[in-house]
Amino acid sequence: MKRYICNKLIYAALSLWVLITLTFVLLQCIPGDPFSREQALPPEVVLSLKKHYGLNDSLLTQYFRYIYQTVTFNFGPSMVYKGRTIYELIVHSFPVSALLGLETLLLALPLGICIGIVGAIYENRWQDKLFFIMTVLLISIPSFMMATLLQYGLAIKISIFPIARWGTFYQSILPCISLSLLPMAFIARLTKSKLSDELNQPYILTARAKGLPEPVIIFRHALRNILAPILSYVGPMAAGILTGSFIIERIFNIPGLGYWFVSGVSNRDYPMIMGITIFYGTLLLLISVVVELLIAYIDPRIRTEKYEEGVDG
Amino acid sequence: MRYLLIISTLCLLLTSCQSESPSVKPLDQTSFIKISSPNDPESLDPRKVTDLISVTALRMIYEGLTKTSENGLEMGIAESVTVSPDNKVYTFKLRDAKWSNGDPVTAEDFVQTWISVLSPEFPCPNAYQLYVIKGAKEAKEGKIPPDSIGVEALSPDTLVVELESPTPYFLELASTYFFFPVHSSIRDNAYHSEDDVIGNGALKLDHWEQRSEVVFSKNPLYWNSKEVSLAGIHLYIMDENVALKLFQANQLDWAGSPLSTIPREAVSTFKGDQSLQIKTGIGVSWIRLNTNTPPFTNEKIRRAFALAINRKEIVDYVTKANQLPATSIVPPSLSPSGGNIFKDNNQEEAQKLFEQGKRELADQGIDFPKISLNYVNLDFIHKVVQAVQQQWKEVLGVEVSLESNEVKTHVDKLSHGQYQMGFGSWYADFPDSISFLEIFRSKDNRTNQTGWSSPEYTALIDRSFLTTSAEERKLILGDSERMLVSAMPVIPLYHVTYNYLQSNAVKGVYFSELGYLDFTKATVER
């Protein structure tokens, strides 16, 4: 198991290196630089700006500087927000995105699983039809559309919730609902289809024959076996919503990380793009490692397989 | 599953606890003016910024030697100024002003700030705005030491500025943020914290919460603080659509220019509403022509494309925000030629010139090529260029293809001459026609980008810098504007306006033609 974890971490580090290199190369390819604008600057002024930010050094020097900055996680000041370091901006805005993401996850995951279970229990009855229509509807409505609808209906027309901004729990309700409906519907469908299959397995028949009560059959036996595929979907989804949804943040004016990523690219703010890409990348890799370990923990079959694989390799 | 539920309950409890976070205050604070912008200010160090949001914030917390208001030019930190007979040496007498931490504002503060801006190592994008000072350009280029430029602090309250050549607009220029002094704590520290900025203006920085709000409160140490009745300003950072909703819900006092834009559709919705204000600015939207590649090497073709446009129609039915159809480069209020240099929508003349131009090109063995117009991928620009495209097709029978790019790519293409026609605009840095006309003095001016220059035009602009007579200067600049328009390296479309929504509760805000807001004399009554 230890060796399995080590392998995973080495792969993660390698992927990170590829990410850094690719980002660096792509940044050199996109046209424009942080100082280009319609009101162009005289050459000596551009030179002093480039010198200051080290953009006049050779590409190799710049590349190794980025590697060094990644290792120390110090990307220096933003080229647009001159008085702020990238570290400061991430530390300030990531908790906001993470909190919203966590709320979303905590709403979507339990609710999705419960709805899925209900769907599986009442398979082929009217509840099942309703379940199908609802989930298809929720999966097809994009989150920004849902956000605009909720904002218009519940905040502007009948003012139950605040229109926008961030800071109180009430301000987080609408963005949280808009973000969670789609993953919730997806999890519900996933749970339902896996659970229906599982409930037709012979061991469930045995359990029923033994006279076990239905809730015990579902929660203790069947559900445990289908958690692995659900977790492998939730992993990347969690990374996505923890790091912030640019559009939802924009609609509800939430000071999260998504904004900085997008504005970094359009402003050609090199340190900002590098810093946030690497932060996103690291987080995504970490979460996927954690999810794999969790799956291995939940499902002993996978654990032994992986263990053996580890020993063989 | 049980654990999951317990954890979720705990987390929800934690999030509700977060609601008592002390840094976030509720939206209503009656004695403050509440404004909004889509982005944070880039910085509160005037030497480092380029955007209007920062400039608006800077003008709250800083004051220069002079300042502009409804009454025109006024003295700021300087109490009086004397000018030498050759109009090259300005001697400012400073008043007894203080920084927000109690330090006196001295002539040395100005001298040291400008020296730092002009040192080749310092990253100041606007350094070139100081080139009117003697030796400034050489200093930035590293040819002379920065401390040998033409500024000197004779005593703590006497500042002498020697200019490169007579500059009739120097006192206006001295009111801009390029010339603001910064406190020694910011000058001496390369990465000074933005949360602790010392200024010398009517307001001071209270706190700055990134992506959320910047709060400015009244500065009791401002030299004229008895005239300031405002308690402060809340600058909320929010998307323009959110701002519009909050303005409609009476939770904001100001939306739109100069800090953000009102969505174009909303401008027509608000027409007739008292809160919608439209203010003419000193700027022009134009189409650059690349005079290095056919067909725009030919002056007649350039003129034909310019005359074929019906600007009135565009302003009335497309942009719809009281812009002025531009038949000059410089807006009429400043134009040395008085504006109206050519006739808008002159279809006959356009067709005639177009035919002649095509024949001239054919004589040189050049076929009329396919033409494309580059522009930035913003919705309202897209509508404008579509209208222009249609007009060219109707009048000249030319099919122009449209090519949109995001802003940095667009700028990159134009600056490398990889375009035929490019939509853009120019906003003056100071209220003088030279801010427009100097761009085309030389091909090497990086904002020119059209590849056009003319020795006669260069000579005229140079002469305007040498003359000391205001009338002669106006005549010279008038001639140069007419020369520029007849050569038509850029096609003027319309002179810009600023649209904004201002709550009735707020009075006395000065909105300068340059797009700056001044809240010094503002009042709030709720």
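Below, read A as the first sequence line, B as the second, and so on, with proteins coming before strands; counting in each chain starts at 1. Bear in mind the structure is a predicted one, so any value in this text is a computation, not a measurement.
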Cut-off 4.5 Å, heavy atoms of chain B, and the answer for V96(A) is neither
Under 4.5 Å to a heavy atom of chain A? For T409(B) that would be both
So, the part of P43(A) with a heavy atom under 4.5 Å from chain B: the answer is both
Closest non-hydrogen atoms of N253(A) and D239(B), given as atom of the first, atom of the second and distance, are OD1-N, 3.2 Å
Handout entry: Validation row: L49(A), K48(B) side chains within 4.5 angstrom (heavy atoms)
Key = no
Of all heavy-atom pairs linking P31(A) and D412(B), the shortest is CB-OD2, 3.3 Å
So, the part of Y131(B) with a heavy atom under 4.5 Å from chain A: the answer is side chain
Scanning both residues in full, the closest heavy-atom pair of P125(B) with R37(A) reads O-NH2, 4.4 Å
Scanning both residues in full, the closest heavy-atom pair of D33(A) with K408(B) reads O-NZ, 3.0 Å
Smallest heavy-atom separation, V45(A) atom then A127(B) atom, equals CG2-CB, 4.2 Å
key: Pair E42(B) + K82(A): basic N to acidic O under 4.0 Å   = yes
Rounded to the nearest 0.5 angstrom, the OG-CZ distance for S36(A) and R446(B) is 11.0 Å
Cut-off 4.5 Å, heavy atoms of chain B, and the answer for I251(A) is backbone
All heavy atoms of P120(B) vs all of S48(A), minimum pair found to be O-CB, 2.8 Å
